**Q** 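Structure in structure tokens, see below.
Atoms considered below: every heavy atom in the structure, side chains included; atoms not considered: hydrogens, waters and symmetry mates. For clarity, every value in this text was computed on a predicted model and none was experimentally measured.
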Amino acid sequence: MDLRHLRYFIAVAEEQNIGRAAARLHISQPPLTRQIQQLEDELGVRLFTRTPRGMELTGAGELFLEEARNIRALVDQATERTQRAGQGKLGRLDVAIFGSGILDTIPKVLLAFRNAYPEVKLVLHSMSKGEQIEALRQRRIDAGFNRMLAPLPDLATQLVATESLFLAVHESSPLAREAVVPLKALAEHPLIVFPTGARPNFVDKVMGLCQQMGFVPEVAQEVGDSVTGVALVAGGFGVCLVPQSASVLTFPGVVYLPISGAPENASVDLSCIYRADDQSPILDAFLQTIRTFGK
């Protein structure tokens, strides 16, 4: 038995006439009659009673019609879902997140993708940069978000956003009275930097900017993430350069100020990383969402 048998049987059962069913199926009557006979022989039961008026379903035929319709519905559903999966509209996407981007930009990207592809299950994983790279290579995740990514031959990157830098200071600091803080002013204040871990990272960015301005900052603390860095600013431990995403963090007494007198590269990129050889239509749809994000 194949799906053609079911299609032919349903047409005859609904039309109750071989001639009308043949016309509906765009075939001639003799082959349709043979197909129904073959189906009955295979099942070992009579599905129709032949009458002068046409074809009437037997009791077994009534039951088989219900089951045949269910099977056709499941096949149609499977076909549609397979096609949607092939178009990147159905399935699962494992995404790793880390750092200050999760405070603002990344949730907006993920929400845009979920709204565009509601049948794709997004599974999020909290991983550092090194963990993301390893997980990608082991195919445990499909994509990750991070900053300051060194080129790797087996991984590709898609730029998500380029963010300006802000200085987080305590409201009691003399700097808090300034509308804009010169980058050179950091030479006179203890600096909190983040994150610890794999290099290059945001610490290298901050230290490089300071060196371009002709000074080496006094590093008071090197911490794991932006949340901890800004929390220390709130505690009076120093000042902290943060990407724009981190400026949404609200701590008592902390204000965020734009910086001036900085080199032209006083910004930081947020990127999505993925396997260069990944041909998944779901990943392609995700990357397309990133490319159109914010346009």
**Q** Please tell me if the side chains of Val123 and Arg92 come closer than 4.5 Å, counting only heavy atoms from C-beta onward.
**A** yes
**Q** Closer than 4.0 angstrom, basic N to acidic O: yes or no for Arg114 and Glu119?
**A** no
**Q** Going through the checks in order, is the side chain to side chain contact (heavy atoms under 4.5 Å, CB included) test met by Phe166 and Leu241?
**A** CA-CA 6 Å; Phe166 285 79; Leu241 274 175; over 6 Å; no
**Q** Suppose we screen for side chain to side chain donor-acceptor pair (under 3.5 Å). Which residues come up paired with Asp204, at least two apart in sequence or across chains?
**A**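 In terms of side chain to side chain donor-acceptor pair (under 3.5 Å), with neighbours along the sequence ignored, Asp204 is linked to Arg199.
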**Q** Distance-only, no hydrogens or angles: does the Thr105 side chain make a donor-acceptor pair with backbone N or O of Gly101 under 3.5 Å?
**A** no
**Q** Would you sort out whether Lys129 and Met148 count as a side chain to side chain contact (heavy atoms under 4.5 Å, CB included), showing the intermediate values?
**A** CA-CA 9 Å; Lys129 184 187 303 182; Met148 306 289 293; 3.9 Å; yes
**Q** So if you build clusters from Ile, Leu, Val, Met, Phe, Trp, Tyr with side-chain heavy-atom gaps below 4.5 Å, do Leu159 and Leu110 land together?
**A** no
**Q** Starting at CG of Leu39, measure out to CG of Leu6 and round the result to the nearest 0.5 Å.
**A** 7.0 Å
**Q** Between Tyr274 and Leu122, is there a shared hydrophobic cluster once you connect ILVMFWY residues whose side-chain heavy atoms come closer than 4.5 Å?
**A**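 Yes: a chain of side-chain contacts under 4.5 Å links Tyr274 to Leu122.
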**Q** According to salt bridge (Lys or Arg N to Asp or Glu O under 4.0 Å), who are the partners of Arg46, at least two apart in sequence or on a separate chain?
**A** Glu40
**Q** Kindly compute the distance separating CD1 (Ile18) from CG (Leu25), expressed to the nearest 0.5 Å.
**A** 9.5 Å
**Q** For His5, which residues count as a side chain to side chain donor-acceptor pair (under 3.5 Å) partner, sequence neighbours excluded?
**A** Asp2, Gln35
**Q** Is the shortest heavy-atom distance from the side chain of Asp277 to the side chain of Asp154 under 4.5 Å?
**A** no
**Q** Tell me which pairs pass side chain to side chain donor-acceptor pair (under 3.5 Å) where either residue lies in residues 255-269, with sequence neighbours left out.
**A**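 Residue pairs with at least one partner in residues 255-269: Thr162-Asp269.
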**Q** Do Leu57 and Leu63 belong to the same hydrophobic cluster, where Ile, Leu, Val, Met, Phe, Trp and Tyr are linked whenever their side-chain heavy atoms lie under 4.5 Å apart, directly or via other members?
**A**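 No, because Leu57 and Leu63 fall into different hydrophobic clusters, even though each may have its own neighbours under 4.5 Å.
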**Q** Just by distance, do the side chain of Glu131 and the backbone of Ser128 share a donor-acceptor pair under 3.5 Å?
**A** yes
**Q** Counting C-beta onward and ignoring hydrogens, is there a side-chain heavy-atom pair between Thr58 and Glu62 closer than 4.5 Å?
**A**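 Result no, sub-4.5 Å side-chain heavy-atom pair not found.
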**Q** Keeping the roles fixed (side chain from Glu163, backbone from Gln244), state whether a donor-acceptor pair exists under 3.5 Å.
**A**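 Checked: pair present.
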**Q** What's the separation between atom CD1 in Ile106 and atom CZ in Phe293, rounded to the nearest 0.5 Å?
**A** 10.0 Å
**Q** I need the full list of ring pair (Phe, Tyr, Trp, His ring centres under 6.0 Å) pairs touching residues 38-60, with sequence neighbours left out, sorted by first then second residue.
**A** Phe9-Phe48
**Q** So, using ring pair (Phe, Tyr, Trp, His ring centres under 6.0 Å) as the criterion, who are the partners of Phe202 when residues are at least two apart?
**A**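 Residues passing ring pair (Phe, Tyr, Trp, His ring centres under 6.0 Å) with Phe202: Phe194.
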**Q** Counting only N and O atoms by type, is there a donor-acceptor contact under 3.5 Å from the side chain of Thr292 to the main-chain atoms of Gln288?
**A** yes
**Q** Quick one: list whatever passes salt bridge (Lys or Arg N to Asp or Glu O under 4.0 Å) with Asp278, sequence neighbours left out.
**A**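 Checked Asp278 against salt bridge (Lys or Arg N to Asp or Glu O under 4.0 Å); matches are Arg275.
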**Q** Given the rule in the salt bridge (charged side-chain N to carboxylate O under 4.0 Å, His left out) test, do Arg140 and Asp94 qualify, once you have shown the distances and angles that lead to the verdict?
**A** CA-CA 8 Å; Arg140 291 186 286 114; Asp94 286 80; over 6 Å; no
**Q** Do Ser226 and Leu103 have side-chain heavy atoms sitting under 4.5 Å apart?
**A** yes
**Q** In chain order, what residues pass the side chain to side chain donor-acceptor pair (under 3.5 Å) check against Arg53, with sequence neighbours excluded?
**A** Glu56
**Q** Decide salt bridge (charged side-chain N to carboxylate O under 4.0 Å, His left out) for Glu171 and Arg177; before the verdict, give the C-alpha distance in whole Å, the side-chain angles of both, and the deciding distance to 0.1 Å.
**A** CA-CA 8 Å; Glu171 61 185 5; Arg177 295 192 292 269; over 6 Å; no
**Q** Mind checking what makes salt bridge (Lys or Arg N to Asp or Glu O under 4.0 Å) contact with Arg34, not counting sequence neighbours?
**A**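 Salt bridge (Lys or Arg N to Asp or Glu O under 4.0 Å) check on Arg34 returns nothing, list empty.
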**Q** Do Gln138 and Glu134 pass the side-chain hydrogen bond (donor to acceptor under 3.5 Å, both in side chains) test, and can you show the C-alpha distance, the side-chain angles, and the key distance before you say yes or no?
**A** CA-CA 6 Å; Gln138 295 177 356; Glu134 187 65 21; 2.9 Å; yes
**Q** Hey, is the main chain of Gly54 close enough, under 3.5 Å, to the side chain of Asn17 for a donor-acceptor pair?
**A** no
**Q** Report yes if the side chains of Val223 and Leu232 come closer than 4.5 Å at any heavy-atom pair, otherwise no.
**A**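 When only atoms from C-beta onward are counted, Leu232 and Val223 do touch, with a gap below 4.5 Å.
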**Q** Report the distance from atom CG of Leu175 to atom CG of Leu257, rounding to the nearest 0.5 Å.
**A**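 So the gap between those two atoms works out to 7.5 Å.
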**Q** Working note: Val12 + Ile36, criterion side chain to side chain contact (heavy atoms under 4.5 Å, CB included); need CA distance, chi angles, decisive distance, verdict.
**A** CA-CA 9 Å; Val12 174; Ile36 296 300; 4.1 Å; yes
**Q** Please find the pair of heavy atoms, one from Leu165 and one from Pro243, that lie closest to each other, and give the distance.
**A** CD2-CA, 4.1 Å
**Q** So, do Phe98 and Gln132 sit near enough that their side-chain heavy atoms are less than 4.5 Å apart?
**A**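 The answer is yes, as the side chains (C-beta and beyond) meet within the 4.5 Å cut-off.
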**Q** Roughly how far, to the nearest 0.5 Å, is OG1 of Thr33 from OH of Tyr8?
**A**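 Between Tyr8 OH and Thr33 OG1, I get 11.5 Å after rounding to 0.5 Å.
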**Q** Look at Asp225 together with Arg147 and state whether they make a salt bridge at an N to O cut-off of under 4.0 Å.
**A**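 Looking at Asp225 and Arg147, the cut-off is not met.
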**Q** Any chain of hydrophobic side-chain contacts (each under 4.5 Å) joining Val254 to Leu186?
**A** yes
**Q** Counting N and O atoms only, with roles assigned by atom type, does the side chain of Gln212 sit under 3.5 Å from a partner on the main chain of Pro263, one being a donor and the other an acceptor?
**A**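 Judged by distance alone, no pair lies under 3.5 Å.
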**Q** Could you list the residues that satisfy salt bridge (Lys or Arg N to Asp or Glu O under 4.0 Å) with Glu15, not counting sequence neighbours?
**A** Arg20, Arg24
**Q** Taking Lys205 for the side chain and Pro200 for the main chain, is one N or O donor matched with an acceptor at less than 3.5 Å?
**A** no
**Q** Give the minimum heavy-atom separation between Ser172 and His170, together with the two atoms involved.
**A**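 Between these two residues, the closest heavy atoms are OG-ND1, 2.8 Å.
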**Q** Can you list, by chain and residue number, the hydrophobic cluster partners of Met127 when the side-chain cut-off is 4.5 Å?
**A** Ile133, Leu136, Ile141, Leu149, Leu152, Leu155, Ile273
**Q** With rounding to the nearest 0.5 Å, note down the distance linking CD1 in Ile259 to CE in Met213.
**A**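 Output value for this atom pair is 9.5 Å.
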**Q** Following the transitive rule for hydrophobic clusters with a side-chain heavy-atom cut-off under 4.5 Å over Ile, Leu, Val, Met, Phe, Trp and Tyr, establish whether Val248 and Leu111 coincide in one cluster.
**A** no
**Q** Are the side chains of Val227 and Phe251 in touch, meaning some heavy atoms are under 4.5 Å apart?
**A** yes
**Q** Side-chain contact test, heavy atoms from C-beta onward, threshold under 4.5 Å: evaluate it for Leu47 versus Val45 and give yes or no.
**A** yes
**Q** Quick one: which residue pairs count as a ring pair (Phe, Tyr, Trp, His ring centres under 6.0 Å) with a foot in residues 207-238, not counting sequence neighbours?
**A**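 Of all non-adjacent pairs touching residues 207-238, none passes ring pair (Phe, Tyr, Trp, His ring centres under 6.0 Å).
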**Q** Go through the steps for Tyr117 and Leu93 under the test side chain to side chain contact (heavy atoms under 4.5 Å, CB included), then give the verdict.
**A** CA-CA 11 Å; Tyr117 302 92; Leu93 189 73; over 6 Å; no
**Q** Going through the distances and angles, do Gln158 and Ser271 end up as a side-chain hydrogen bond (donor to acceptor under 3.5 Å, both in side chains)?
**A** CA-CA 6 Å; Gln158 173 63 54; Ser271 297; over 6 Å; no
